[in-house]
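In what follows, a single structure is set out as structure tokens and then discussed.
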Amino acid sequence: MRPTVHDIAAAAGVSLATVDRVLNQRPGVRLVTREKVEEAIRQIGYIRDVAAANLAKGRVYPLVFIVPTGDNSFMHGLRSEVHHATLRAGMERTDIRIIEVPAFDVPALVAALDALQGQDIAGVALVATDAPEVRAVVDRLVSERIPVVTLVSDLTDSTRHHYAGIDNIAAGRTAARLLGRFLGGREGDLTVLAGSMLVRDHRERLQGFSAVMAAEFPKLRLLPVLEGRDDPERTKSLVSKVLFENKDIIGIYSLGAGNRGLIAALRAVRPARELTVVAHELTQHTRAALIDGTIDAVLNQDAGHEVRSAIRVMKATADGQAVIADQERIRLDIFLKDNLP
């Protein structure tokens, strides 16, 4: 039979009220008595059901999600998933607040994080821009015992508790293999489109992509990265310009999620230019582009899974509980026009 608080009280020779104070780390217990209770817990092998205790006390977890604004369809979807999570707040005992900051704006992100210091919150999840100032404020929040989870793009050199997102180096390697196989040994140039190289997920995807291309597809030459900053008009202009100036381009890898401008530029040159294109994130725009052949493959991560994972991790970390790694692993899906969900 599983040990109970009554067993602890009997073993330590104290009241149930004293056991409750020790378990919940409340004052009013002498050091010698606290040590007796803790020794009794170890001896009888008591394991506290934190979730049940919190449910009994009616605990609510105040959580904050910081997400970027802008014209990025994937981020719109991510915000939508966070909003859906607020609708489950009663059932999941959460109180979720959404803070929006401009995409790739380091000072705005730092200010939003700084404003959370000293607040009564059980966790913060953010789409991170990789900058020393962001790492510093994340480390300060962690030092205040606030659980921090990075979403989609990580801060690996920080003390954040968890990253909810795909393996971006593996995603870049996968994209390279798909594009290289699709091109079937042809020789030519490839252009790479990013939102901003300020975010780690884009840099890691480029790292993985470049490594596989150099090792296995030496006939394919990578051109300098175009940074569209998730602006459709800017992206369309950049892609149109590079396609006009370089007739040797035979493939494009869009490693970010701002694909509306890319799709517009591609449709403007087809069918005169035959281009093979691999992009990220399945949205209404990339879905339509897959169906009509403008894009050949889309690599996708499940924003809903990432948001649910972040919530589970923040709650578990706030309670001092272990995270189940297999449950929180975010998978990478590959979609062609033939297997669209």
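The chain is numbered in sequence order, starting from 1.
Among all heavy-atom pairs drawn from G228 and L193, the shortest one is N-CD1, 4.2 Å. When all heavy atoms of A40 and I8 are compared, the pair lying nearest together is CB-O, 4.0 Å. The minimum heavy-atom distance between Y253 and A171, with the atom names listed, is OH-O, 4.2 Å. R186 approaches K219 most closely through the heavy-atom pair O-CB, 3.8 Å. Across all non-hydrogen atoms, the minimal contact from T235 to G261 is CG2-C, 4.0 Å. Heavy-atom minimum distance, G251 versus L275: N-CD2, 4.4 Å.
Using a 4.0 Å cut-off between charged side-chain N and carboxylate O, E133 and R140 make no salt bridge. A salt bridge does not link K337 with D296: every distance from a Lys NZ or Arg NE/NH1/NH2 to an Asp or Glu carboxylate oxygen is 4.0 Å or more. D333 and R331 are joined by a salt bridge, as a carboxylate oxygen and a charged side-chain nitrogen come within less than 4.0 angstrom of each other. With salt bridges taken as basic N to acidic carboxylate O contacts below 4.0 Å, none links R160 and D139. Remark: E245 engages K241 in a salt bridge, criterion side-chain N to carboxylate O under 4.0 Å. Of the charged side-chain nitrogens involved, at least one lies within less than 4.0 Å of a carboxylate oxygen, so that R177 and E216 count as a salt-bridged pair. Classification of E100 and R79 as a salt-bridged pair holds, one side-chain N sitting under 4.0 Å from a carboxylate O.
Counting only heavy atoms from C-beta outward, the side chains of I334 and T174 approach each other to under 4.5 Å. No side-chain heavy atom of R97 sits under 4.5 Å from any side-chain heavy atom of T86. A heavy-atom distance below 4.5 Å is not found between the side chains of V64 and I98. Counting heavy atoms from C-beta outward, L222 and F209 have side chains that approach closer than 4.5 Å. Annotation: side chain of V37 is in contact with side chain of V14 (closest heavy-atom distance under 4.5 Å). A heavy-atom distance below 4.5 Å is found between the side chains of R229 and F104. In this structure, T286 and L290 have side chains that are not in contact, with every pair of non-hydrogen atoms separated by 4.5 Å or more. Residues T94 and V60 are not in side-chain contact: their nearest non-hydrogen atoms beyond the backbone lie 4.5 Å or more apart.
Not less than 6.0 angstrom separates the ring centroid of H280 from the ring centroid of F74.
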Quick one: do E281 and R205 satisfy salt bridge (charged side-chain N to carboxylate O under 4.0 Å, His left out)? Show the steps, please. CA-CA 13 Å; E281 315 314 347; R205 290 174 192 176; 3.7 Å; yes
Is there a side-chain contact (heavy atoms from CB on, under 4.5 Å) between I252 and L262 once you walk through the steps? CA-CA 10 Å; I252 296 176; L262 167 66; 4.2 Å; yes
Intermediate values then yes/no, side-chain contact (heavy atoms from CB on, under 4.5 Å), N259 and T283: CA-CA 9 Å; N259 290 308; T283 66; over 6 Å; no
Given the rule in the salt bridge (charged side-chain N to carboxylate O under 4.0 Å, His left out) test, do R221 and E187 qualify, once you have shown the distances and angles that lead to the verdict? CA-CA 8 Å; R221 301 175 295 271; E187 181 175 356; 3.1 Å; yes
Check the pair L113, L141 against side-chain contact (heavy atoms from CB on, under 4.5 Å), reporting the backbone distance first and the verdict last. CA-CA 8 Å; L113 289 165; L141 289 172; 3.8 Å; yes
L255 and L206: CA distance, side-chain angles, deciding distance, side-chain contact (heavy atoms from CB on, under 4.5 Å) verdict: CA-CA 7 Å; L255 55 77; L206 179 63; 3.9 Å; yes
Steps toward salt bridge (charged side-chain N to carboxylate O under 4.0 Å, His left out) verdict (D231, K236): CA-CA 9 Å; D231 181 328; K236 180 182 177 182; over 6 Å; no
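A donor-acceptor pair shorter than 3.5 Å cannot be found between the side chains of R200 and Q207. A donor-acceptor contact closer than 3.5 angstrom is absent between the side chains of D154 and T156. S15 and T18 share a side-chain donor-acceptor pair at under 3.5 Å. Side-chain atoms of N168 and D201 include no donor-acceptor pair closer than 3.5 Å.
Of the possible polar contacts, one joining the D302 side chain to the G304 backbone as a donor-acceptor pair under 3.5 Å is found. Side-chain atoms of Q119 come within 3.5 Å of backbone atoms of A115 as a donor-acceptor pair (strictly under, hydrogens ignored). Using modelled atom types, no side-chain atom of Q301 and backbone atom of G165 make a donor-acceptor pair closer than 3.5 Å. Side chain of H305 to backbone of I330: no donor-acceptor contact under 3.5 angstrom is found. Without hydrogens or angle criteria, D105 side chain to A108 main chain gives a donor-acceptor distance under 3.5 Å. Within the 3.5 Å criterion, the main-chain N or O of A310 finds no donor-acceptor partner in the side chain of H162. Side chain of T317 to main chain of M314: no donor-acceptor pair is present (N/O by atom type, distance under 3.5 Å, no hydrogens or angles). Without hydrogens or angle criteria, R270 side chain to G293 main chain gives a donor-acceptor distance under 3.5 Å. Under a 3.5 Å cut-off, the side chain of R88 and the backbone N or O of R93 do not form any donor-acceptor pair. Formation of a donor-acceptor pair under 3.5 Å by the S237 side chain with backbone atoms of E233 is not found in this model.
Remark: I295 CD1 to L266 CG distance equals 7.0 Å, nearest 0.5 Å. Note that CD1 of I263 is 7.5 Å distant from NE2 of H285, once rounded to the nearest 0.5 Å. One distance of note links CD1 of I169 with CZ of R203; it measures 11.0 Å at 0.5 Å rounding. Residue L63 holds its CG atom at 9.5 Å from CD of E92, rounded to the nearest 0.5 Å. Interatomic distance, CZ of F65 versus CG of L151, reported as 6.0 Å (0.5 Å rounding). Atom-to-atom distance recorded for N246:CG and D189:CG is 4.5 Å, nearest 0.5 angstrom.
The number of heavy atoms from other shown groups lying within 6.0 Å of CZ (R42) is above 12. Atom CG of L16 has more than 12 neighbouring heavy atoms from other residues, nucleotides or ligands inside a 6.0 Å radius. Atom CZ of R181 has 12 or fewer neighbouring heavy atoms from other residues, nucleotides or ligands inside a 6.0 Å radius.
Residues V192 and F182 fall within the same hydrophobic cluster, defined by Ile, Leu, Val, Met, Phe, Trp and Tyr side chains chained together at heavy-atom separations under 4.5 Å. Placement of M213 and I250 within a single hydrophobic cluster is found when ILVMFWY residues are connected by side-chain heavy-atom separations under 4.5 Å, directly or transitively. When the side chains of ILVMFWY residues are joined at heavy-atom separations under 4.5 Å, either directly or via intervening members, M75 and V101 end up in two distinct hydrophobic clusters. In this structure, Y163 is not a member of the same hydrophobic cluster as V127, with clusters built from ILVMFWY side-chain heavy atoms closer than 4.5 Å. Linking ILVMFWY residues whenever their side-chain heavy atoms come closer than 4.5 Å, directly or via other members, places L178 and L336 in the same cluster.
No option in I99, I146, L126, V137 other than I99 meets the side-chain contact (heavy atoms from CB on, under 4.5 Å) test with L116.
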